[in-house]
There are 2 protein chains.
Amino acid sequence: MAKANKTKSDQNVVAVEATQRNATLTRSRILQAAEAEFADHGFDGVSVRRIAQTADVPVALINYHFGGKEGLYRAIFEMRAPMITDQRIAGLRFAEMEPDPARKVELIVKAVLVPNLHMRSTEKSSSYARILAREVSDPKSHRRGVIQEFFDPIAHKVMEAMQKAMPDRSIEEINWGYQAMLGVMVYTMADTGRISRLSGGRCDPEDEMATATYLVAMMTAALLHGRPHSAAAQHKA
Amino acid sequence: MAKANKTKSDQNVVAVEATQRNATLTRSRILQAAEAEFADHGFDGVSVRRIAQTADVPVALINYHFGGKEGLYRAIFEMRAPMITDQRIAGLRFAEMEPDPARKVELIVKAVLVPNLHMRSTEKSSSYARILAREVSDPKSHRRGVIQEFFDPIAHKVMEAMQKAMPDRSIEEINWGYQAMLGVMVYTMADTGRISRLSGGRCDPEDEMATATYLVAMMTAALLHGRPHSAAAQHKA
DNA sequence: AAATTTCTTGTCAACTTGTTCAATTACCGT
DNA sequence: ACGGTAATTGAACAAGTTGACAAGAAATTT
């Protein structure tokens, strides 16, 4: 009877939850399928129909939930971007507390690289890493603004931290340093076998720990000791 | 009469040359249009029709000359790849003659980066730089093999030179070092405005000299001083 | 001059593309 | 329980895609 009494309110509640769960469940199933397909074939390389087929839903649902192909594309970023942004901010906070300048730079480099490298090696979100790499190196007019909207803020935060850790660096040096970090990271994330092929299997981006070790070491050295000759001379004076 | 006498042979010759010139002229006009379109929109983002329209030729000509969309795509690489490969080889030869190890490494870095950066800033071939950057970070199944076929050999040559210049480095260090160089280069080549935007206009990839200066300095430092801690310790021992 | 090869062109049918529509179902609050 | 809202569905749409063809033009060979 208690059950019966609860019927009115509780049944409604669970019903709401059930529907919403169903709605958001199909929604997330579409997102998951889209993420994988976009990562493998690029924005123009995959059709909405194919995504629908992979997600096992009718085509029309995609337009209903996301308002078109591009809306779906953006939704992926809206879902995933906070994940890595938050990790970077946490890493920067950690670096801020380090007194030794050299170690501080190394921690900043880690704050930038590690979250993404980790994401790549994680099974579930590896496709997002590739989709991100693609987008960075392929800013088509239509979706221009995705990177800017979601990742420019954190980029400025990182460069601010770099400037603080190395006060004698020029704005140009800081910026090129950041670009270098990002380039190495993106290239590694986007890799689909060449690194392993060229190295005869000795280097594997999936090996998160080893990859991070080598890349962090190199980029830290690049930032600490990679000054153009004129700037170095200026520094000596 | 001399003219008339020559008619049979010479007229034929010039006629052949004229036709061939016309043929290769339209052929190169198609290639040029395709290069630009592919660079701007990616392989899947552009239709043969659009390329034909840009080149101002009938669609069927593309199929006739290149045997399809993918053939056209590959033809671009077949035309351009030797250009940069030769430059790199020349750079490596130059580095080989440098006795000072540190300077030798710097010359190797230059041999890798400068040809591509120069190509990017050149008006006519800037689109090829972007198309190349795209292909590196987007090895789709269909055209898989383009990078491997055209650029793996020179990659091995570069790493061989690196190994010679820094004999105490492990294979892993050499490989990751090369990947880092390439990543920075590709990312810079593929850029369509973010670097300039983030730096408030202070950094511009089109400024070949400045870009090369900063990137070469950083990557040289990365190779020379960017050893993982364990390797560095091993080195000290 | 006729035959042949090379090059060029307009057009075609089969097929995808992203999106929209009207109808159907499931679920909510009252 | 019943109207109303949200979610889902299959079908249809218009626009655009591809590769191929046969026929024409130009040039070379016989």
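Just so we're clear, the structure is a prediction, and the values are computed from it rather than from any experiment. So that the names make sense, note that chain A is the first sequence line, chain B the second, and so on, each numbered from 1.
Checking side-chain atoms of Asn63(B) against main-chain N and O of Gly68(B) turns up a donor-acceptor pair under 3.5 Å. A donor-acceptor pair under 3.5 Å is absent between the side-chain atoms of Arg74(B) and the main chain of Lys69(B), judged by distance alone. Checking side-chain atoms of Asp191(A) against main-chain N and O of Ile195(A) turns up a donor-acceptor pair under 3.5 Å.
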Distances under 3.5 Å only, N/O to N/O: pair up the protein atoms with those of nucleotides 9-12 of chain D.
residue, atom, partner, partner atom, Å
dA12(D), N6, Arg49(A), NH2, 3.3

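Aromatic ring orientation, Phe43(B) versus Tyr73(B): perpendicular (interplanar angle above 60°, classes split at 30° and 60°). Note on ring orientation: taking the six-membered ring where Trp is involved, the planes of Phe150(B) and Phe77(B) are parallel (angle under 30°, cut-offs 30° and 60°).
Distance CZ (Phe43(B)) to C1' (dT17(D)): 13 Å, rounded to an integer number of Å. Between the P atom of dG16(D) and the CD atom of Gln53(B) lies a distance of 11 Å, rounded to the nearest Å. In this structure, the CD1 atom of Ile62(A) is 13 Å from the C1' atom of dT17(C), given to the nearest Å. The CG-P distance, from Asp44(B) to dG16(D), rounds to 19 Å in whole Å. Here dA7(D) presents its P atom at 15 Å from CZ of Arg29(A), a figure rounded to the nearest Å. The separation between Phe66(A) atom CZ and dT19(C) atom P is 13 Å, rounded to whole Å. Taking atom CZ of residue Arg50(A) and atom C1' of nucleotide dT16(C), one finds them 13 Å apart after rounding to whole Å.
Considering only side-chain atoms of Asn63(A), the nucleotide from dT19(C), dG19(D), dG18(C) that sits closest is dT19(C).
When each of Ile76(B), Ile51(B), Leu72(B), Asp40(B) is checked for a side-chain contact (heavy atoms from CB on, under 4.5 Å) with Glu35(B), only Ile76(B) meets the rule.
Minimum heavy-atom separation, Ala55(B) to Ile30(B): CB-CA, 3.9 Å.
Listed by residue number, the members of residues 71-80 of chain A with any heavy atom below 4.0 angstrom from DNA chain C form an empty set.
Between Glu208(A) and Arg120(A) there is no salt bridge, since no side-chain N of the basic residue sits under 4.0 Å from a carboxylate O of the acidic one.
A sub-4.0 Å separation between OP1 or OP2 of dT18(D) and a side-chain N or O of Lys69(B) is present. An OP1 or OP2 oxygen of dT17(C) is reached within less than 4.0 angstrom by a side-chain nitrogen or oxygen of Ser47(A). In this structure, His65(A) reaches the dT8(D) phosphate: one of its side-chain N or O atoms is under 4.0 Å from OP1 or OP2. For Thr26(A) and dT8(D), the shortest distance from a side-chain N or O to OP1 or OP2 is below 4.0 Å.
Side-chain contact, Glu37(B) with Thr54(B): a donor N or O sits under 3.5 Å from an acceptor N or O.
Nucleic acid contact class of Gly68(B) (heavy atoms, under 4.0 Å, all strands): none.
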